[in-house]
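Below is one structure, written out as structure tokens, with a few remarks after it.
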There are 2 protein chains.
Amino acid sequence: MELAEARLKFIEAWGKLGSEWGINRTMAQVHALLMISPEALTTEEVMAELSISRGNANMTLRDLIDWGLVEKQHKTGERKEFFYAEKDVWTIARRVAEERKKRELTPIIKILDQLAGVEGDAKDPAYKTFKTTVTDINKLANNVNKTLDTMLKAEENWFFGSILKVFK
Amino acid sequence: MELAEARLKFIEAWGKLGSEWGINRTMAQVHALLMISPEALTTEEVMAELSISRGNANMTLRDLIDWGLVEKQHKTGERKEFFYAEKDVWTIARRVAEERKKRELTPIIKILDQLAGVEGDAKDPAYKTFKTTVTDINKLANNVNKTLDTMLKAEENWFFGSILKVFK
DNA sequence: CTTTATTTTCATTTTTTTTTGAAAGTTTAA
DNA sequence: TTAAACTTTCAAAAAAAAATGAAAATAAAG
């Protein structure tokens, strides 16, 4: 397989994976393109490579910056902005985990805390089932939360090494 | 807060979480409803509780069955079908992990294996960056894969207990 | 069989999400 | 200043995803 073909396949696959996980396909594709680009790219280059509009490229790049996955660069003598993606895969994984934790896990734990406190008749099956389910989900969410905190502090080899060693 | 209100909030929150993770909002809501229902429900009841159409309820329930989260039940003397959700939260988590692994992780690892094998000029920065990125993502994906295998076999307390103890 | 209850399908409609592109805004440099 | 280069915004359009509902299919009962 040619590099050019492989690059396209990678961009396509990363876009598909992203959309399956609730991330805009184009955003995942721009991320993929930047991850495999040794040099920072301009908006124009991103637009051309992926055949997307200026508005789309601009918004997507801004989102990637918000996720902590891409940074703006300025080159001396050049007027336009360049975009460069973090290349360390474990750092990328941690940034994504950190953002999703903040945006999704923390809010749902807050709601579950409220819901787990609902009062009711201890003999009512509807109440018992609700209480048990919500309390159990809350506990699991807190376990995931703590595990993510661990992951955010850990090195990749240490993290997986330890997990896989314990459960060998 | 009343149980009735809490139930609605839970269904809403679960639906939102689902849609953020690439799962159809209605499917997540039907799942939430069944998780907090002590008894199996009929299609009619699901339709009424969530104000959705028969076609939608039918397809969504079938999908939940495909995910291994809901089972059909038949009651003697009753002609219609009843739907009952798995209530053990750790079992639910494992089923979801198992399905997403099968549907998404395994296919992308297959693609990454192909892409990691692409040949090229070892001095070409574009090639080097591509190769490194793809290889690193592949390694991470395989670590996640193994960790999921462990999770699928483990008990909740054992799994998180061990992880959190190692990294305490 | 035939009828009735129930489930499934799927073309069409509706809703939601994403993308476009041109205008407005901003920055730099001459 | 002014003007050119570049970035951002956002209303409108397009595309994608989800939902509807009625007809077809299936299954059970008489």
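Chain letters run A, B, ... following the sequence lines, proteins first and then strands; every chain starts at 1. As the structure is a prediction and not an experimental result, all values here were calculated from the model.
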Exercise. For B:E99, which of B:K101, B:R95, B:R103 qualifies under side-chain hydrogen bond (donor to acceptor under 3.5 Å, both in side chains)?
Worked result: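 Testing each of B:K101, B:R95, B:R103 against B:E99, the sole residue satisfying side-chain hydrogen bond (donor to acceptor under 3.5 Å, both in side chains) is B:R103.
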
Without decimals, in angstroms, what is the distance between [X] [atom1] and [N] [atom2]?
X	N	atom1	atom2	answer
B:N24	C:dT16	CG	P	12 Å
B:Q73	C:dT6	CD	P	17 Å
A:E78	C:dT28	CD	C1'	14 Å
B:L41	C:dT6	CG	P	16 Å
A:H74	C:dA29	NE2	P	12 Å

Angle class for the [X]/[Y] ring planes (parallel below 30°, perpendicular above 60°, tilted otherwise)?
X	Y	result
B:W158	A:F167	perpendicular
B:F160	B:W90	perpendicular
A:F130	B:F10	perpendicular

Exercise. Would the number of heavy atoms belonging to other residues, nucleotides or ligands and lying under 6.0 Å from NZ of A:K75 be above 12?
Worked result: yes

Exercise. Is A:T26 near enough to C:dT19 that one of its side-chain N or O atoms lies under 4.0 angstrom from OP1 or OP2?
Worked result: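 Answer yes for this pair, as a side-chain N or O of A:T26 is under 4.0 Å from OP1 or OP2.
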
Exercise. Closest nucleotide of DNA chain C for B:K80 versus for B:R25: which of these residues is on the 5' side?
Worked result: B:K80

Problem set entry | Contact nearer the 5' end of DNA chain C, comparing A:I23 with A:R79 | A:I23

Exercise. Does a side-chain N-to-carboxylate-O contact under 4.0 Å join A:E20 and A:K16?
Worked result: yes

For this session: May I ask you to decide whether B:R7 forms a salt bridge with B:E2, counting only side-chain N to carboxylate O separations under 4.0 Å?
Result: no

For this session: Under 4.0 Å from any atom of DNA chain C, heavy atoms only: list the residues of residues 46-65 of chain B that qualify, in numerical order.
Result: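 Contacting residues: B:R54, B:G55, B:N58, B:M59, B:R62.
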
Exercise. Short question: side chain of A:K87, backbone of A:S37 - any donor-acceptor pair under 3.5 Å?
Worked result: yes

Problem set entry | Note, A:R62 side chain near A:M59 side chain (heavy atom, < 4.5 Å) | yes

Problem set entry | First and last nucleotide of DNA chain D, 5' to 3', lying under 4.0 Å from heavy atoms of chain B |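 The contact span of chain B on DNA chain D goes from D:dA18 to D:dA29.
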
